[in-house]
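To start, the structure under review is shown below, and the notes come after it.
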Amino acid sequence: QVRLVDSGGGSVQAGGSLRLSCEASADTNSGYYIGWFRQAPGKQREGVARIITPSGDTYYADSVKGRFTISQDNGENTVYLQMDSLKPEDTAMYYCAATRVTYYIRPPTQPSQYNWWGRGTQVTVSS
């Protein structure tokens, strides 16, 4: 069982920045897919970014590419999501999620493929 604590959300104006954190109770050096998902009211949960620990390979959804950066600090078992140039359409509850790299040959893309989830942190971007 892995516990994830996600934090760092808030309210900003369009064009602003936020940095989300996802602290894991497990040693991320042992190999995890850690993803950030978001869900806006009335919409499905969608993947935003993903990192493979400890290798650092990353993936971004087209909607955030060039604006968001996912990174890791394996010494602290923490994954970050730096969000710049925020837009009102980025408003959502953001969740980090994790699963072991040994569970999937290819990186998981669907929320159902992730075993552990944080409680979420709200991001609100005003125009």
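Scope of the values below: all heavy atoms of this structure, side chains included, with no hydrogens, waters or symmetry mates.
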First locate atom [atom1] of [X], then atom [atom2] of [Y], and finally report the distance between them rounded to the nearest 0.5 Å.
| X | Y | atom1 | atom2 | result |
| --- | --- | --- | --- | --- |
| Y94 | S7 | OH | OG | 15.0 Å |
| Q44 | R38 | CD | CZ | 14.0 Å |
| S126 | Q13 | OG | CD | 5.0 Å |
| S30 | N74 | OG | CG | 9.0 Å |
| E23 | T28 | CD | OG1 | 10.5 Å |

Do [X] and [Y] make a side-chain contact, defined as non-hydrogen atoms from C-beta onward lying under 4.5 Å apart?
| X | Y | result |
| --- | --- | --- |
| I52 | P107 | yes |
| V125 | L18 | no |
| F37 | C96 | no |
| M83 | S17 | no |

Exercise. Are there more than 12 heavy atoms of other residues, nucleotides or ligands under 6.0 Å from atom CD of E46?
Worked result: yes

Exercise. When you look at CZ of R100, are more than 12 heavy atoms from neighbouring residues, nucleotides or ligands closer to it than 6.0 Å?
Worked result: yes

May I ask you to decide if [Y]'s main-chain N or O and [X]'s side chain share a donor-acceptor pair within less than 3.5 Å?
| X | Y | value |
| --- | --- | --- |
| N77 | S25 | no |
| Q113 | Q110 | yes |
| Y60 | I70 | yes |
| N29 | P54 | no |
| T69 | Q82 | no |
| T58 | I51 | no |
| D73 | T78 | no |
| T121 | G9 | yes |
| D6 | R119 | yes |
| Y114 | P108 | yes |

Grouping I, L, V, M, F, W and Y whenever their side-chain heavy atoms are under 4.5 Å apart, do [X] and [Y] come out in a common cluster?
| X | Y | answer |
| --- | --- | --- |
| L81 | V12 | yes |
| Y104 | Y32 | yes |
| V2 | Y103 | yes |
| Y59 | Y95 | no |

Exercise. Does a salt bridge link K87 with D90, judged by any charged N lying under 4.0 Å from a carboxylate O?
Worked result: no

Problem set entry | Over all atoms of both residues, closest heavy-atom pair of A40 and A92 | N-CB, 3.9 Å

Exercise. Centroid-to-centroid, F68 to W36, below 6.0 Å?
Worked result: no

Exercise. For residues Y80 and R19, is any side-chain donor paired with an opposing acceptor at under 3.5 Å?
Worked result: no

